[in-house]
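Atom set for the values below is all heavy atoms of this structure, side chains included, hydrogens, waters and symmetry mates excluded. Reminder, nothing fancy here: chain letters follow the sequence lines and each chain counts from 1.
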Amino acid sequence: MADKVLMKGNEAIAEAAIIAGCRHYFGYPITPQTEIAAYMAKRMPKIGGCFLQAESEVAAINMVYGVSSTGHRVMTSSSSPGISLKSEGLSYLAGADLPALVVNVQRGGPGLGGIQPSQSDYYQATKAGGHGDFRMLVLAPASVQEMADLTVKGFELADKYRMTSMILADGTMGQMMEPVSLQYDVKEMPEKKWATTGTNMEREHNIVNSLFLQPDELEKSNIERFERYKYIEENEAMYEEYMMDDAEICIAAFGIASRVAKNAIVEARKKGIKVGMIRPITLWPFPNKPFLKASEKAHTFISVELSMGQMIDDVKLATKCRGEYVLCNRVGGMIPSPEEVLLAIETANKNGGAK
Amino acid sequence: MIYKRITLLCGHYGSGKTNIAVNMAYDLKKQNEKVLIADLDIVNPYFRTKDSAGEFEDLGIRLICSEYAGSNVDIPAMPQQIYSITDNKDQMCIIDVGGDDRGALALGRISDAIKQENNYEMIFVINCYRPLTRDAESTIEVMREIEEAGKIKFTAIINNSNLGEETEPSHIIKSLDYANEISQITGLPIICTAVDSKVYDSVKDIIPNAFPLKLQTKIN
């Protein structure tokens, strides 16, 4: 597709996955991400791929495990309650060091919650995707274009590090329509010597498993995995800085919240308030360095979230708790308005970092 | 624009049906006292006709839609007053139908009564910048699926080819061949080409039957 097309965020993820070489999609419908499955159902049969509506989310994530074991690019998608169901499988993928792309188009929670947008699975995605010591690469798009770009990137990172990449979007990102360009130089998939592709009687059997019979071997696998995580934390953090050069107030926001915050920053700047934003694009690894640097000048950090204050903890850790921290949030499917963010900025400016 | 008593808007999801329906209701209100807009979308969870409920009330346009639209109730519900579309014949109606064949299923409920009265325009909304309807062939495939699900045939086309906020007049001009091809193959007339009201003046002489659209939904 040479020209731009008008796409829903959910469709952009699906088409980008196909461009990235994904030919296997397993899922179970749930609002507000069902368009991903609908798009795959239409497209996959036409390109020799496999679309399968599984009998449940648990089945779908285990199908992902199976295809990934054979070395192919594979994905599943869901929304908040469905991701909780997949969490056992996410842990197994991590334990077997299998690459996969998992999409969470978040809706309000906890429980069945609602179908309107939310960011309240931040902790789940960045800290507790399932049981055991493991991490996922968590990518947070803020436009339909980024929904596509980060899907391609997500597959590449997943293969590079033999991990799950999670696209952490929200209902608005999934449903909104914007023009996108889908031109990518997709990197060649790395050779997967570990995949179960048949030995041809020429090599030892490959075994894909997350069960270790000896505790010392299990310990060793955990330590090796965390050395990899350390490398990723040093090298793969992505973020966007907006008007941060002279910022005395720093907004932290990702996804839809960052778009609202941008509007508020423009208004605040008109009033002479020195405010900027750091928008994490990877939520894990969290971009600690720019936040630490910002804390040299900024007296207050405002975390704009569609959750009850989750990312704000990572902002505190990144800045070693040396500033003032303010939460500006709406939950339950509501989105903070630019006016609400502006009010938080003005109040922070008046207080000047005083407790 | 000249309207039949019932105007039905169907098409591929994301083709712009809701936006056109809302604009048509405003346009129709200038010509008629009693105007009804009905949201029959049973598919789309966000961006509904109901988002413009305040404006409709101010203008005296009657809105009927599922009482669950825009809420957290995730069920394909129909509005309770759906039969007033065909029962009350002294009003003009704009009907916003859900996308694709799945959305058109809701239409099957009232399509017999609509056909019987025989004072309707069944409009197919098209946009060549949507990835699954980029050419005439794939667009007509969607069209046939909708007709089958809704149990009613199309009578006209609206060309709503656009790239959202990045739409340039050249994009619309480029889409005219696509719309004409669909019109020729299906034998359906193109009753208008929808154009963002911001560029309407610059293109109204180049594009036949241009219809100015005020964009409804905008998220930061």
Any residue meeting ring pair (Phe, Tyr, Trp, His ring centres under 6.0 Å) with B:Phe56, in chain and number order, not counting sequence neighbours: B:Tyr26
Inter- and intrachain pairs under salt bridge (charged side-chain N to carboxylate O under 4.0 Å, His left out), touching residues 120-129 of chain B, at least two apart: none
Considering non-hydrogen atoms only, spot the tightest contact between A:Tyr28 and A:Glu57 and give its length. CD2-OE2, 3.4 Å
At under 4.5 Å between heavy atoms, what parts of residues 173-193 of chain B are in contact with chain A? List them by residue number. B:Lys174
Run the numbers on B:Glu145 and A:Lys42 for salt bridge (Lys or Arg N to Asp or Glu O under 4.0 Å), then give the verdict. CA-CA 13 Å; B:Glu145 287 167 1; A:Lys42 263 210 148 92; 3.7 Å; yes
Across all chains, not counting sequence neighbours, the ring pair (Phe, Tyr, Trp, His ring centres under 6.0 Å) partners of B:Phe124 are B:Phe154
Let's test your reading of the structure: which of B:Glu166, B:Arg130, B:Arg102 forms the most heavy-atom pairs below 4.5 Å with chain A? B:Arg130
Any donor-acceptor N or O pair under 3.5 Å, side chains B:Asp96, B:Thr49: yes
Is B:Asn127 in contact with chain A via its backbone, its side chain, both, or neither, using a 4.5 Å heavy-atom distance? side chain
Chain B contact via A:Glu11 - side chain, backbone, both or neither, heavy atoms under 4.5 Å: side chain
Apply the test salt bridge (Lys or Arg N to Asp or Glu O under 4.0 Å) to residues A:Glu240 and A:Lys262: give CA-CA distance (whole Å), side-chain angles for both, the deciding distance (0.1 Å), then the verdict. CA-CA 12 Å; A:Glu240 179 202 356; A:Lys262 247 183 201 178; 3.1 Å; yes
